[in-house]
Amino acid sequence: RRSLLTLGLLLLACTIHAIEAKSSFSLQSPLVVPRGGERAKRAPKKQPPRQIAVSAEGASIPNEVFNLVKGIVGVGVLSLPAGVAVFGNAPSAIIPAAILIAVIGILSGYGFALIGKCCAYTGASSYRQAWSNTVGESTSWIPAWSTTLKTFLACLAYSMVLADTFSKLIGKPRNVTLLGVTVGVLLPLCLKKNLQSLAPFSLAGVLGMGYTALAMTLRYLDGTYSMPDGELATQLDSALQPAFGNKGWQSVMSPDALILVCMLSTAYMAHFNAPKFYLELKQNTISRFHQVVSYSFGISIVLMALITALGYLTFGKACSGLVLNNYATSDTWMSASRIAVAISLVFSYPLAFVGCRDGILDLINVPLEKRSSSTLNTLTIGLLGVLTLLAATLTDVSFVLAFGGATLGNALTYVYPALMYRAVVKSQGREDEEGGQVVIAMASAVLGIVMGAIGAKMAVQSLTNK
C-alpha cells in the first residue's frame, strides 16, 4: 500500500510538472536581453480575474436538482449492495458502508462544484473547454479520452444489465438474450439519426428506480426472503440465497472496502455535465450553483444509502453484482421492477451510445461534414458489436463499475477538477483562493489517485478470485 501511495503522489507531481512545462511559455512574457548580453526573464504576467456573467434566464434550482438527481441515481445503484458484500457479511457492515456513501458523495459533489466554478471563471461551456481554458489546449485530449472511455464503460454496464434482466424475464440463456436484445432493439434505436423523441422516456428511469426502492422495502420487511424458511428464499439457487456471517463494521478496514469506494465514484458520476448545469441555471451565480450541487448530491446520498441498505440487509454476502438477480423470478413485485429497469435502460442506452460514438469521432478528428450516414452506421454496428462481445464475456457488472470508477471515475471526479481549479486560480491571480482552497482541491486529487490505484488492483483481484 505504501508503494502505491508513493506511486500515486509521483504520478500527480509528474502530471502537474508536465502540464506547467507545456504551458509555461504562453503564460510568460517574451525574453528580454539587456545590455551586457545577460538573458533575463520578466516575471510571469497573471491574467486578471474574469468578470463572471450571470444569466437572467434558465432553469430554476428545483428543476436543476430534479434533473441532476435523475442523472446520478441510475441503475448503477443496484450494484452497490455487492460492493458492501465484498468486505462484509454481517448486518453491521452497512454502518461504515453508509458512511462511505456519504463521504464519497460529498467529495464527488465538491468536484462537481469545482468544475462549475472553473466554467464561471473562464466562460467554458464543456468539460474539455474548461480544461483547455485552464490547464491548456495541448493536453485537452486527456479529459476528452477519459470521458469517452467512461461513456463506453457505461454502455457496457447497460448491456450487461439488460442481458441479466431480460434473461430473467423471459427465461432464456443470458448470451442468447443479449444477442436478441442487441440486434432486435438496441441496434435500430442506435441507428436513429434523431434521438429527441427518446428524451421523455428518461422520466421512466426515475419512476422505475422509485418503484424498485418501494418493492425492495416491501420484500425486506415482509420476510419472504428470510432464511431458512422464507417463502421466496427457498426458491433461489443456493448461491443467491441470503447469507450472513460475522464480518461486521470492523471489516471496513479491509482493502476490499475500496472496491465499494470505486463503485461509488462511478455511481455519482455526472461531472462531464457540470458545465451544462451551470450554464442552464437561472441567475447562475456560484452560490446558487452550489445550492444545486448541495441539494442534488444530498438527496442522491440518501437514496443510494437506502437502496444499498435494503439490498444488503436482505441478502448479505450473497448479493449479486446486480441485486435484482437475487430476487426470485416468481416474485411479481420484483418482476415488475425488472420490466421498469429494462424499459428505462432500453431508451437511455442510445443517448449514452451516441455520446460515446461521437466522442470517438471527435478524438480521431473526423469533421462533421464527413460524418455521412454510412460512416455513422458502420461505426455504430462495429462499436455495438464490441460492446456486445464484452458484455457476453463479462458477467459481473459490479467489476465494470468498480474498475471504471477506480480509473476513469476517480480522474474525472477528483483529479481533473482539482488540476483545473489550481490552474485557473494561479493564472488569474486569485490570491484569496491560492491558499486553503487550492490545498483542499489538490488533497482530493491525491486521494483520488491513491484510491484509484488500490481500488483498481482490488477490483481485478476480486474478478480473478471468483
Side-chain angles (χ1 to χ4, degrees), residues 1-19 72 80 83-84 86-87 96-118 127 131 134-135 142-143 146 150 252-272 274 293-294 297-298 300-301 304-305 401-426 433-460:
R1 259 182 265 177
R2 184 177 303 168
S3 62
L4 285 170
L5 174 61
T6 304
L7 177 60
L9 293 172
L10 286 173
L11 285 172
L12 180 63
C14 290
T15 302
I16 295 172
H17 176 75
I19 290 170
I72 295 174
L80 296 182
V84 184
V86 169
F87 67 86
I99 295 173
L100 285 175
I101 290 172
V103 171
I104 299 302
I106 292 170
L107 290 175
S108 298
Y110 175 69
F112 196 95
L114 282 183
I115 298 170
K117 184 179 283 190
C118 290
Y127 198 115
W131 179 281
T134 55
V135 179
I142 297 175
S146 300
K150 192 71 182 70
V252 74
M253 303 307 295
S254 166
D256 290 335
L258 283 172
I259 293 179
L260 174 62
V261 171
C262 294
M263 291 173 69
L264 288 167
S265 296
T266 294
Y268 286 111
M269 174 55 62
H271 292 62
F272 31 78
V293 175
S294 300
F297 279 84
S300 299
I301 287 170
M304 287 191 185
L401 296 177
F403 187 78
T407 52
L408 302 170
N410 281 329
L412 290 163
T413 303
Y414 310 120
V415 181
Y416 298 165
L419 293 177
M420 289 190 288
Y421 179 63
R422 176 183 180 271
V424 73
V425 168
K426 183 178 179 181
E433 300 180 43
E434 286 184 344
Q437 294 188 48
V438 171
V439 171
I440 293 173
M442 296 309 296
S444 71
V446 173
L447 182 64
I449 291 175
V450 174
M451 290 191 306
I454 301 176
K457 177 183 176 183
M458 300 308 300
V460 172

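Side-chain atoms are counted along with the backbone in the values below, which use heavy atoms only and exclude waters and symmetry mates.
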| said: When you compare the side chains of T413 and Y268, does any donor N or O come within less than 3.5 Å of an acceptor on the partner? | reply: no
| field | side chain to side chain contact (heavy atoms under 4.5 Å, CB included) evaluation trace for I72 with F297 | value | CA-CA 8 Å; I72 295 174; F297 279 84; 3.8 Å; yes
State, to 0.1 Å, how close [X] and [Y] come at their nearest heavy-atom pair, and which atoms those are.
| X | Y | value |
| --- | --- | --- |
| L412 | P143 | CD2-O, 4.4 Å |
| C118 | V424 | SG-CG1, 4.2 Å |
| V438 | E433 | CG2-O, 3.1 Å |
| V293 | G109 | CG1-O, 3.3 Å |
| G404 | T266 | C-OG1, 3.8 Å |

Residue list, side chain to side chain contact (heavy atoms under 4.5 Å, CB included) with [X], at least two apart or on another chain:
| X | value |
| --- | --- |
| A274 | F112, I115 |
| L447 | L107, M451 |
| A97 | V84, F87, I94, L260 |

Nearest 0.5 Å, please: how far is [atom2] in [Y] from [atom1] in [X]?
| X | Y | atom1 | atom2 | answer |
| --- | --- | --- | --- | --- |
| L258 | S265 | CG | OG | 10.0 Å |
| M263 | I101 | CE | CD1 | 10.0 Å |
| I104 | I99 | CD1 | CD1 | 12.0 Å |

So do the side chains of [X] and [Y] get within less than 4.5 Å of each other, counting heavy atoms only?
| X | Y | result |
| --- | --- | --- |
| L264 | V103 | no |
| Y110 | S444 | yes |
| M442 | L419 | yes |
| Q437 | V425 | no |
| V415 | I449 | yes |
| Y127 | P417 | yes |

| query | Should M420 and L114 be marked as a side chain to side chain contact (heavy atoms under 4.5 Å, CB included) after you check the CA-CA gap, both sets of side-chain angles, and the distance that decides it? | reply | CA-CA 8 Å; M420 289 190 288; L114 282 183; over 6 Å; no
| Is a side-chain donor or acceptor of H271 paired with a backbone partner of S108 at a separation under 3.5 angstrom? | yes
